[in-house]
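Order of the sequence lines fixes the chain letters, A, B, ..., with proteins taken first and strands second; residue numbering starts at 1 for each chain.
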2 protein chains.
Amino acid sequence: MLKISELSAQTGLSAHTLRFYEKHGLINASTRSEAGYRFYSEADVRRVEFVKTARNSGFSLEDIAQLLSIRVDKQSHSCQDVTDITQKKLDQVNAKIEELQSIQQTLEILLESCCGGPENASHCSIMEALDEGLTRDQARSESQ
Amino acid sequence: MLKISELSAQTGLSAHTLRFYEKHGLINASTRSEAGYRFYSEADVRRVEFVKTARNSGFSLEDIAQLLSIRVDKQSHSCQDVTDITQKKLDQVNAKIEELQSIQQTLEILLESCCGGPENASHCSIMEALDEGLTRDQARSESQ
DNA sequence: TATAAGCTTAGAGTTGGCTCTAAGGTCAAC
DNA sequence: GTTGACCTTAGAGCCAACTCTAAGCTTATA
């Protein structure tokens, strides 16, 4: 049985974060000392590691709550239940990547257009492009 | 001279957002009516459009505040000042894209590993992978 | 036995960018 | 002159995922 600081050391999650996860129903200490100190069993540790791994995989805490409810009763859920959550998350990630790539492209075009030198910015082409609303080259990006 | 609702209609930014930008020092109505109503000049509108374009280009409001301070006194700033801000933003965007691509890869590997079918999740390989801490295939992604 | 480290709780603060509300003043149209 | 749309302000609320604080108890060490 581990105390919260020991679990923290073992998982790399702060004690604050562990309590926060508990408050949100993700994890729990299966026992408490008389004084109320949390004590974590091996099964508790595995659950916390699951949460950590899912977090590192990009799942939100809400996603993880769903995954955990599947985890405790795998018989009552299908593989499709799991892939649905995973696919939805992948779709979100892909959408965000596309959004950022559009911004990336805009910024690259801006940087290419400007000398970046020590001359004053009176005719800086980045400033001009921002003033003109990303006309011309940024037509594609702008439509996003 | 435009009232705030007219500026809102012209820019697509809500009146709330325009007041919010004002509170944060980005924009201003150069005149007010006797009753305190904001009135925006052509120059005000151009400044708001600049903010909107910069926002669409991925700049934060803090970045934009810097860009605006260059904009009002271009003589006192160099092209390098502008490219520094832009490059820093591009670096941030690239870092975020890489992070998301790592997550994307992890999620794709998870999805490939699972049948996604109606059978129960007792041996679901996504659940197993999350339980085992993304061992094997996810070695690269995990190190992020 | 005293000190310090560690634990408890409820609840507030952080980040960034809005978004909305309440309570009231203004203005144009009928 | 009254209805309703629009404007004003200060300030609260929202999102996610923490992160921290305060005030007080417990436990381990010297």
Side-chain angles (χ1 to χ4, degrees), chain A residues 1-40 44 48 51-68 85 88-89 92-93 95-96 99-100 103, chain B residues 1-40 44 48 51-68 85 88-89 92-93 95-96 99-100 103:
Chain A
M1 298 296 250
L2 302 177
K3 281 192 294 186
I4 198 164
S5 62
E6 292 163 340
L7 180 59
S8 170
Q10 202 169 108
T11 58
L13 301 171
S14 75
H16 279 304
T17 298
L18 293 168
R19 290 192 202 96
F20 172 80
Y21 284 173
E22 181 180 308
K23 190 157 66 181
H24 288 260
L26 298 181
I27 64 173
N28 216 346
S30 49
T31 23
R32 292 273 187 139
S33 75
E34 298 217 341
Y37 283 29
R38 291 168 177 82
F39 281 109
Y40 297 92
D44 293 340
V48 172
V51 171
K52 187 189 170 190
T53 302
R55 205 67 200 84
N56 288 342
S57 305
F59 291 105
S60 68
L61 301 189
E62 197 183 334
D63 297 331
I64 294 171
Q66 286 187 63
L67 291 170
L68 286 168
I85 295 170
K88 196 173 140 207
K89 178 55 54 178
Q92 287 169 10
V93 168
K96 190 70 190 170
E99 191 186 319
L100 286 174
I103 286 172
Chain B
M1 298 296 250
L2 302 177
K3 281 192 292 183
I4 197 164
S5 62
E6 291 162 341
L7 180 59
S8 171
Q10 202 167 108
T11 59
L13 302 170
S14 76
H16 279 303
T17 297
L18 292 168
R19 290 192 202 98
F20 172 80
Y21 284 172
E22 180 180 307
K23 191 158 65 183
H24 288 260
L26 298 181
I27 63 172
N28 216 346
S30 49
T31 22
R32 292 271 188 141
S33 74
E34 297 218 342
Y37 284 29
R38 291 167 178 83
F39 281 109
Y40 297 93
D44 294 339
V48 172
V51 171
K52 187 188 171 191
T53 302
R55 206 68 200 84
N56 287 342
S57 305
F59 291 105
S60 67
L61 300 189
E62 197 184 333
D63 298 330
I64 293 171
Q66 286 187 61
L67 290 170
L68 285 168
I85 296 169
K88 196 174 140 206
K89 178 55 54 179
Q92 287 170 9
V93 168
K96 191 70 191 172
E99 192 187 320
L100 286 174
I103 286 171

Using only side-chain N and O atoms of [X], determine if any of them is under 4.0 Å from OP1 or OP2 of [N].
X: B/R38; N: D/dT9; value: yes
X: B/R55; N: C/dC18; value: yes
X: A/R32; N: C/dT9; value: yes

Got [X] and [Y] here, is their nearest side-chain heavy-atom distance under 4.5 Å?
X: B/Y37; Y: B/I4; answer: no
X: B/R32; Y: B/R38; answer: yes
X: B/Y40; Y: B/M1; answer: no
X: A/F59; Y: A/I85; answer: yes

Please answer whether the main-chain N or O of [Y] pairs with a side-chain N or O of [X] as donor and acceptor at a distance below 3.5 Å.
X: B/S57; Y: B/T53; answer: yes
X: A/D63; Y: A/S60; answer: yes
X: A/K96; Y: B/L100; answer: no
X: B/K52; Y: B/T11; answer: yes

Calculate the interatomic distance between [X] atom [atom1] and [N] atom [atom2]; express it in whole Å.
X: A/L7; N: C/dT8; atom1: CG; atom2: C1'; value: 16 Å
X: B/F39; N: C/dC27; atom1: CZ; atom2: C1'; value: 11 Å
X: B/Y21; N: C/dG17; atom1: OH; atom2: C1'; value: 7 Å
X: B/F20; N: D/dG13; atom1: CZ; atom2: C1'; value: 13 Å
X: A/K52; N: D/dC18; atom1: NZ; atom2: P; value: 12 Å
X: A/L13; N: D/dA17; atom1: CG; atom2: P; value: 14 Å
X: B/I64; N: C/dG17; atom1: CD1; atom2: P; value: 8 Å
X: B/E22; N: D/dT9; atom1: CD; atom2: C1'; value: 11 Å

Whichever of A/S5 and B/K23 has its nearest DNA chain C nucleotide further upstream toward 5' = A/S5
Quantify the bending of the helix from C/dT1-D/dA30 to C/dC30-D/dG1 as the angle between its end axes, each fitted on five pairs, to 10°.
-> 20°
A/T17, nearest nucleotide to its side chain (from C/dT9, D/dT8, D/dC18) | D/dC18
Using a cut-off of 4.0 Å on non-hydrogen atoms, how would the nucleic acid contact of B/S60 be classed: base, sugar-phosphate, or nothing?
-> sugar-phosphate
Might you confirm whether atom CD of A/E6 has over 12 heavy atoms from other residues, nucleotides or ligands at distances under 6.0 Å?
-> yes
5' to 3', nucleotides 22-30 of chain D under a 4.0 Å protein heavy-atom cut-off (B base, S sugar-phosphate only, - none) gives ----BS---
